[in-house]
**Student:** 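Structure below; questions to follow.
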Amino acid sequence: MTPPFLTGQLLLAMPGIGDPRFEKAVIAVCMHDERGALGIGIGRLAPRLGFHALLEQFDIPAGDSADAPVHLGGPVDPQRGFVLHSLDWGGQDTIEVDGRFALTNTIDVLRAVAEGKGPSRWLAALGYAGWNEGQLDEEMTRHGWFTVQATDTLLFDTPVEQRWGAAFQSAGVDPRLLSASAGQA
């Protein structure tokens, strides 16, 4: 039987996940297959780092681009940048994610956003969350993660500090009623 893959879903950390790096985490799963998984955290912001400062590191003039906050994408490779964005733009190495959104990690997307020629909706992140072969599949069998469909509203319109709760609510779950431990049947 083929395991269900979670590409295009949001992973939501359950209370009591056991790893402080993932407390109330919201992760957009960009790739999940038999070889592993990769996701971008969209539930926390990098302290004191805006998009314009990120552009400065590459000597890219900010133009009329918004100085949006930069997300903490995950604990793996935290100096590596990613832009999660709408499907109305594609560039070098852009990956379409289940027809829902796209992911680009090359400098061309930064230039395009700064020049006003990039995607209409986007968010920048540093780092990513990664899982080896079968690792996420195994984690999904324990108390730790819950999944919901990624929507434009959750990705781009919901304030960061409200994403975790709003994502649970999109599935009809009141996060205040969740337990920090799994039960036994």
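Atoms considered below: every heavy atom in the structure, side chains included; atoms not considered: hydrogens, waters and symmetry mates.
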**Student:** Can you check whether His52's main-chain N or O pairs, donor with acceptor, with Asp67's side chain at less than 3.5 Å?
**Tutor:** yes
**Student:** State, without any angle test, whether Asp98 and Thr7 hold a side-chain donor-acceptor pair at a distance under 3.5 Å.
**Tutor:** no
**Student:** Taking Phe156 as the starting point, is it possible to reach Val113 by hopping between hydrophobic residues whose side chains are less than 4.5 Å apart?
**Tutor:** no
**Student:** Could you check if a side-chain atom of Ile42 sits within less than 4.5 angstrom of a side-chain atom of Leu10, using non-hydrogen atoms only?
**Tutor:** yes
**Student:** Hey, do the aromatic rings of Trp145 and Phe22 have their centres closer than 6.0 Å?
**Tutor:** yes
**Student:** Can a donor-acceptor pair be found, under 3.5 Å and without considering hydrogens, that links the side chain of His71 to the backbone of Ala125?
**Tutor:** no
**Student:** Hey, what do you get for CD1 (Ile95) to CE (Met31), rounding to the nearest 0.5 Å?
**Tutor:** 8.0 Å
**Student:** If you count the non-hydrogen atoms of other residues, nucleotides and ligands that lie under 6.0 Å from CG in Asp174, is the total more than 12?
**Tutor:** yes
**Student:** Can any side-chain N or O of Thr158 pair as donor or acceptor with the backbone N or O of Thr153 at less than 3.5 Å?
**Tutor:** yes
**Student:** Check for a donor-acceptor pair, side chain of Trp164 on one end and backbone N or O of Pro175 on the other, with a separation under 3.5 Å.
**Tutor:** no
**Student:** Test Arg100 against Glu96 for salt bridge (Lys or Arg N to Asp or Glu O under 4.0 Å), laying out the working first.
**Tutor:** CA-CA 8 Å; Arg100 299 176 192 282; Glu96 186 176 309; over 6 Å; no
**Student:** Once you round to the nearest 0.5 Å, how far does NZ of Lys117 lie from CH2 of Trp89?
**Tutor:** 12.0 Å
**Student:** What heavy-atom pair brings Ala171 and Val148 nearest, and what distance separates the two atoms?
**Tutor:** CB-CG1, 3.6 Å
**Student:** Hey, does the side chain of Arg21 reach the backbone of Pro75 with a donor-acceptor pair shorter than 3.5 angstrom?
**Tutor:** no
**Student:** So Glu133 and Glu34, do their side chains get closer than 4.5 Å, heavy atoms only?
**Tutor:** no
**Student:** Output yes when a side-chain donor or acceptor of His85 lies under 3.5 Å from a complementary backbone atom of Pro119, and no otherwise.
**Tutor:** no
**Student:** Following the transitive rule for hydrophobic clusters with a side-chain heavy-atom cut-off under 4.5 Å over Ile, Leu, Val, Met, Phe, Trp and Tyr, establish whether Leu12 and Leu154 coincide in one cluster.
**Tutor:** yes
**Student:** I'd like to know if Leu155 and Val70 are part of one continuous hydrophobic network [Ile/Leu/Val/Met/Phe/Trp/Tyr, side-chain heavy atoms within less than 4.5 Å].
**Tutor:** no
**Student:** For Leu178 versus Pro15, what's the shortest heavy-atom pair and its separation?
**Tutor:** CB-CG, 3.8 Å
**Student:** Name the one of Ile107, Val109, Thr106 that satisfies side-chain contact (heavy atoms from CB on, under 4.5 Å) with Gln92?
**Tutor:** Thr106
**Student:** Do Phe58 and Leu55 belong to the same hydrophobic cluster, where Ile, Leu, Val, Met, Phe, Trp and Tyr are linked whenever their side-chain heavy atoms lie under 4.5 Å apart, directly or via other members?
**Tutor:** yes
**Student:** Looking only at non-hydrogen atoms, find the nearest pair between Ala150 and Gly8 and report the distance.
**Tutor:** CB-O, 3.1 Å
**Student:** Under the criterion ring pair (Phe, Tyr, Trp, His ring centres under 6.0 Å), which of Phe51, Phe101, Phe82 is the partner of Trp122?
**Tutor:** Phe51
**Student:** State, without any angle test, whether Gln135 and Asp137 hold a side-chain donor-acceptor pair at a distance under 3.5 Å.
**Tutor:** no
**Student:** Is it possible for you to say whether Val97 and Val26 belong to one hydrophobic cluster, with membership spreading through side-chain heavy-atom contacts below 4.5 Å?
**Tutor:** yes
**Student:** Using modelled atom types only, decide if a donor and an acceptor are shared between the side chain of Asp108 and the backbone of Gly91 within a distance under 3.5 Å.
**Tutor:** no
**Student:** Find the distance between CD1 (Ile60) and OG (Ser65) and round it off to the nearest 0.5 Å.
**Tutor:** 9.5 Å
**Student:** Supply the atom-to-atom distance Met140 CE to His32 NE2, rounded to the nearest 0.5 angstrom.
**Tutor:** 8.5 Å
**Student:** When you measure from the side chain of Arg80 to the backbone of Leu126, do you find a donor-acceptor pair of N or O atoms at a distance under 3.5 Å?
**Tutor:** no
**Student:** CD of Glu139 to CG of Leu11: how many Å apart, nearest 0.5 Å?
**Tutor:** 8.5 Å
**Student:** Using the rule side-chain contact (heavy atoms from CB on, under 4.5 Å), only one of Leu103, Ile40, Ile27 pairs with Tyr128; which is it?
**Tutor:** Ile40
**Student:** Using a 4.5 Å cut-off on heavy atoms from C-beta on, say whether the side chain of Glu161 contacts that of Lys24.
**Tutor:** no
**Student:** Which heavy atom of Gly81 sits nearest a heavy atom of Asn105, and at what distance?
**Tutor:** O-CB, 3.3 Å
**Student:** Let's go through Ser120 and Asp88 carefully: what are the C-alpha distance in whole Å and the side-chain angles of both, what is the deciding distance for side-chain hydrogen bond (donor to acceptor under 3.5 Å, both in side chains) to 0.1 Å, and is it a yes or a no?
**Tutor:** CA-CA 7 Å; Ser120 60; Asp88 58 352; 2.6 Å; yes
**Student:** Grab the two heavy atoms, one from Leu54 and one from Leu49, that are nearest each other, plus how far apart they are.
**Tutor:** N-CD1, 4.4 Å
**Student:** Could you pull out all residues at least two apart from Thr94 that satisfy side-chain hydrogen bond (donor to acceptor under 3.5 Å, both in side chains)?
**Tutor:** Thr104
**Student:** With rounding to the nearest 0.5 Å, note down the distance linking CD1 in Ile17 to CZ in Arg142.
**Tutor:** 9.0 Å
